[in-house]
Amino acid sequence: MLYDTVERVSIEPMVREFYAMIVKDDLVGPYFVRALGSDLKNDKWYEHYRTLDSFWLMLMTGESGYFGDPFGPHAFLGELTPEIFERWLDLFKAHIDTYYIPEIADKFYKKAEILAKQFQERLADTGEEDE
Ligand code: HEM
């Protein structure tokens, strides 16, 4: 059954299952293993899940609780090519469609798409400054 409301109760399993899936992906997975380790039960992963729960809750409902900088960590992961962003978005789309009714899943996906675009623009700017 698909969720038709966005609440912490649906976001938490959505986040955990998303990362359990993408960590196995040959293109995107290694970035997460390098940053957080391969044991999805370790402290770094636990923190990551908690951060992403609050992040999505804030984006989708306006509920405060995420106080981080979503772009920051991505500047230190090594090269993130357009292909990698595309894979991340494809995996996210496939996953979110199995969790929420289409109207909500589309809203999640559009937000992810906008952020992926912004991240790429900022990463490109950062790269140019380094040259
Ligand atoms: C190219 C695809 C992506 C890769 C490989 C990637 C990888 C990562 C990694 C490894 C971290 C953990 C960094 C750390 O804690 O040291 C992270 C954090 C995060 N990512 Fe991504 N990411 C990608 C795309 C996205 C997109 C499209 C979004 C937004 C929808 C996003 C949102 C976040 C957020 C909110 C955090 C936590 C930031 C914080 O600590 O406050 N990521 N990402």
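Just follow the structure's listing: the first ligand is 1, and inside any ligand the first atom is 1. Note that the structure is a prediction, hence the values are computed from the model and not measured. The first residue of the sequence shown is numbered 1, and numbering continues consecutively from there.
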(message) Looking only at side-chain N and O atoms, does Y99 offer a donor or acceptor that is under 3.5 Å from a partner on S10?
(response) no

(message) I want to confirm something. Looking only at heavy atoms, which of W88, F71, F92 is nearest to atom 23 (C) of ligand 1?
(response) W88

(request) Could you name the option among H48, E86, K117 that has the heavy atom nearest to atom 12 (C) of ligand 1? (result) H48

Where's the contact between [X] and ligand 1, heavy-atom distance under 4.0 Å: side chain, backbone, both or neither?
| X | value |
| --- | --- |
| F85 | both |
| R87 | neither |
| Y19 | neither |
| H74 | side chain |

Considering only protein heavy atoms, which is closest to [atom], and at what distance to one decimal place?
| atom | answer |
| --- | --- |
| atom 7 (C) of ligand 1 | F32 CZ, 3.2 Å |
| atom 40 (O) of ligand 1 | P73 CG, 3.8 Å |
| atom 15 (O) of ligand 1 | L36 CD2, 3.8 Å |
| atom 16 (O) of ligand 1 | A35 CB, 4.0 Å |
| atom 36 (C) of ligand 1 | L52 CD2, 3.8 Å |

Does any N or O in the side chain of [X] come within less than 3.5 Å of the main-chain N or O of [Y], such that one atom is a donor and the other an acceptor?
| X | Y | value |
| --- | --- | --- |
| W45 | G37 | yes |
| N42 | L36 | yes |
| Y31 | E79 | yes |
| T61 | M58 | no |

(message) Any heavy-atom pair between the side chains of M21 and V28 that's under 4.5 Å?
(response) no

If you count the atoms of ligand 1 from 1 in the order shown, which ones are under 4.0 Å from a heavy atom of [X]?
| X | value |
| --- | --- |
| L77 | 7 (C), 8 (C), 9 (C), 10 (C) |
| Y66 | 38 (C), 39 (C), 41 (O) |
| Y31 | 5 (C), 10 (C) |
| F119 | 25 (C), 26 (C), 28 (C), 31 (C), 42 (N) |

(request) State the CG-NE2 distance between L115 and H74, to the nearest 0.5 angstrom. (result) 9.0 Å

(request) Drop me the distance from W88's CH2 to L80's CG, to the nearest 0.5 angstrom. (result) 12.0 Å

(request) Report yes or no: is the cationic atom of R122 (NZ for Lys, CZ for Arg) under 6.0 Å from the centre of the six-membered ring of F119, at an angle within 45° of the ring normal? (result) no

(request) Taking only Lys NZ, Arg NE, NH1 and NH2, and the carboxylate oxygens of Asp or Glu, determine whether E12 and R16 approach each other closer than 4.0 Å. (result) no

(message) Does the residue F76 have a heavy-atom contact with ligand 1, meaning some pair of atoms that are separated by less than 4.0 Å?
(response) no

